[in-house]
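Worksheet: one structure, shown below.
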Amino acid sequence: MEEKAKMELIKEFIETCPLLENGKVNLDFIDGEPESYSLDETPVTPELIVFPDGGRRLQIQFDFSIQANFNTLENIKNSKFCDDFMKWIYEQDKIGNLPKIEGICWIKCLGRGTIQQTTETTAIYVIPMQVVYEEDF
C-alpha cells in the first residue's frame, strides 16, 4: 500500500475537528463559499535539527485558511471560531491525539486567526500552524 503524503495525514486529522461546519478540508484550495477550509503549505526550511546519529527533526508549516461570512456580527463569531480552533489544537496536542505521521512530536498554532483578504461579504481568516516530526537516519 502506498504511503500517504504528510499533508494528507494532517488534513485527515484537521477534518476530525468538531468545530468545522462541513468537516471537509481542501489542500491548497479554498472554495468561494462560507465555511470552506484549506491547508496551504508554507515554504520553510524543513530541517530544524540534525542529530549526531544522522537522524533529523523536521517541520511542516502551513496555514489553516477559513472562508467565512464578513460583517460586524460575523466577525465576532469568526474570531471566536479561530480562538476555539486554536484551543482544540492545543488540547489535542496535549493529550497526544496527533496526525498519524511517523515520529510526530507536536502540532501547534503559531499565531492567531487573522484576516488575509476580504470581499464585500466574505473574508479569509488564516491561522499559521506547524507540525514537527523526527526521522531516524
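In what follows, residues are counted from 1 in the order of the sequence shown. Because the structure is a prediction, the values reported are computed rather than measured.
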Item to check | Cluster overlap I10 with L19, hydrophobic side-chain contacts below 4.5 Å | outcome: yes

Next on the checklist: Ignoring hydrogens, what is the shortest heavy-atom contact between I60 and M7? Give both atom names and the distance.
Outcome noted: CG2-SD, 3.7 Å

Checklist entry - What residue pairs, at least two apart or across chains, pass salt bridge (charged side-chain N to carboxylate O under 4.0 Å, His left out) with a residue in residues 111-125? => result D83-R112

Checklist entry - Are I115 and I66 linked, directly or through other ILVMFWY residues, by side chains that come within less than 4.5 angstrom of each other? => result yes

Checklist outcome for this item: Tracing side-chain contacts under 4.5 Å among Ile, Leu, Val, Met, Phe, Trp and Tyr outward from L73 reaches none

Next on the checklist: Taking atom CG as the centre, does D136 end up with more than 12 heavy-atom neighbours from other residues, nucleotides or ligands that are less than 6.0 angstrom away?
Outcome noted: no

Next on the checklist: According to salt bridge (charged side-chain N to carboxylate O under 4.0 Å, His left out), does anything in residues 61-76 pair up with another residue at least two apart or in another chain? List the pairs.
Outcome noted: E74-K77

Next on the checklist: What's the separation between atom CD in Q117 and atom CD in Q67, rounded to the nearest 0.5 Å?
Outcome noted: 7.5 Å

Checklist entry - Okay, side chain of D93, backbone of L98: is any donor-acceptor separation there less than 3.5 Å? => result no

Next on the checklist: Between N22 and E35 (side chain of the first, backbone of the second, donor and acceptor by atom type, cut-off under 3.5 Å), is there such a pair?
Outcome noted: yes

Checklist entry - What residues form a ring pair (Phe, Tyr, Trp, His ring centres under 6.0 Å) with F13, not counting sequence neighbours? => result W88

Item to check | Selection residues 89-121 - residue pairs positive for ring pair (Phe, Tyr, Trp, His ring centres under 6.0 Å), sequence neighbours left out | outcome: none

Next on the checklist: Between V131 and I101, is the side chain to side chain contact (heavy atoms under 4.5 Å, CB included) condition met? List the steps.
Outcome noted: CA-CA 9 Å; V131 165; I101 295 171; 4.0 Å; yes

Checklist outcome for this item: G113 and M86 have their tightest heavy-atom pair at N-SD, 4.2 Å

Checklist outcome for this item: Note: P99 and I107 closest approach over all heavy atoms is CG-CD1, 4.1 Å

Next on the checklist: According to side chain to side chain donor-acceptor pair (under 3.5 Å), who are the partners of Q116, at least two apart in sequence or on a separate chain?
Outcome noted: none

Item to check | Q59 side chain to T45 backbone, donor-acceptor under 3.5 Å | outcome: yes

Next on the checklist: Taking ring pair (Phe, Tyr, Trp, His ring centres under 6.0 Å) as the cut-off, I'd like each qualifying pair that reaches into residues 19-48, sequence neighbours left out, listed once.
Outcome noted: Y37-F64

Checklist entry - Could you go step by step and tell me if T121 and N71 meet the side chain to side chain contact (heavy atoms under 4.5 Å, CB included) rule? => result CA-CA 7 Å; T121 59; N71 63 46; over 6 Å; no

Next on the checklist: Quick check on the hydrophobic clustering: are I104 and F51 connected, directly or via other members, by side-chain heavy-atom contacts under 4.5 Å?
Outcome noted: no

Checklist entry - Can you name the nearest heavy-atom pair linking V132 to L48, along with the distance? => result CG2-CD1, 3.8 Å

Checklist entry - Do the side chains of E135 and L58 get nearer than 4.5 Å, heavy atoms only? => result yes

Next on the checklist: On a heavy-atom basis, which atom in F85 and which in M129 lie closest, and how many Å separate them?
Outcome noted: CE2-SD, 3.8 Å

Checklist outcome for this item: Separation between CG (N97) and OG1 (T16), nearest 0.5 Å, reads 6.0 Å

Next on the checklist: Quick check: closest heavy atoms across F62 and T42, and the distance to 0.1 Å?
Outcome noted: CA-OG1, 3.5 Å

Next on the checklist: Would R57 and E47 count as a salt bridge (charged side-chain N to carboxylate O under 4.0 Å, His left out) here? Give the steps.
Outcome noted: CA-CA 6 Å; R57 178 171 285 174; E47 283 186 341; over 6 Å; no

Item to check | Inter- and intrachain pairs under ring pair (Phe, Tyr, Trp, His ring centres under 6.0 Å), touching residues 112-137, at least two apart | outcome: none

Checklist entry - Atom CG of N26 and atom OG of S65: how far apart are they, to the nearest 0.5 Å? => result 10.5 Å

Next on the checklist: Applying salt bridge (charged side-chain N to carboxylate O under 4.0 Å, His left out) as the test, list every pair that has at least one member in residues 15-33; sequence neighbours left out.
Outcome noted: K11-E15

Checklist entry - Would V25 end up clustered with L27 when hydrophobic side chains under 4.5 Å apart are linked, directly or stepwise? => result yes

Next on the checklist: Test side chain to side chain contact (heavy atoms under 4.5 Å, CB included) on E12 and L9; report intermediate values, then the result.
Outcome noted: CA-CA 5 Å; E12 290 173 357; L9 295 170; 3.9 Å; yes

Checklist entry - How long is the span from the NZ atom in K94 to the CD1 atom in I89, to the nearest 0.5 Å? => result 15.0 Å

Next on the checklist: Tell me every residue that passes side chain to side chain donor-acceptor pair (under 3.5 Å) with E102, counting only those two or more places apart in sequence or in another chain.
Outcome noted: none

Checklist entry - Can you name the side chain to side chain donor-acceptor pair (under 3.5 Å) partners of K108, sequence neighbours left out? => result none

Item to check | Linked hydrophobic residues, I30 as query - side chain contacts closer than 4.5 Å | outcome: I124, V126

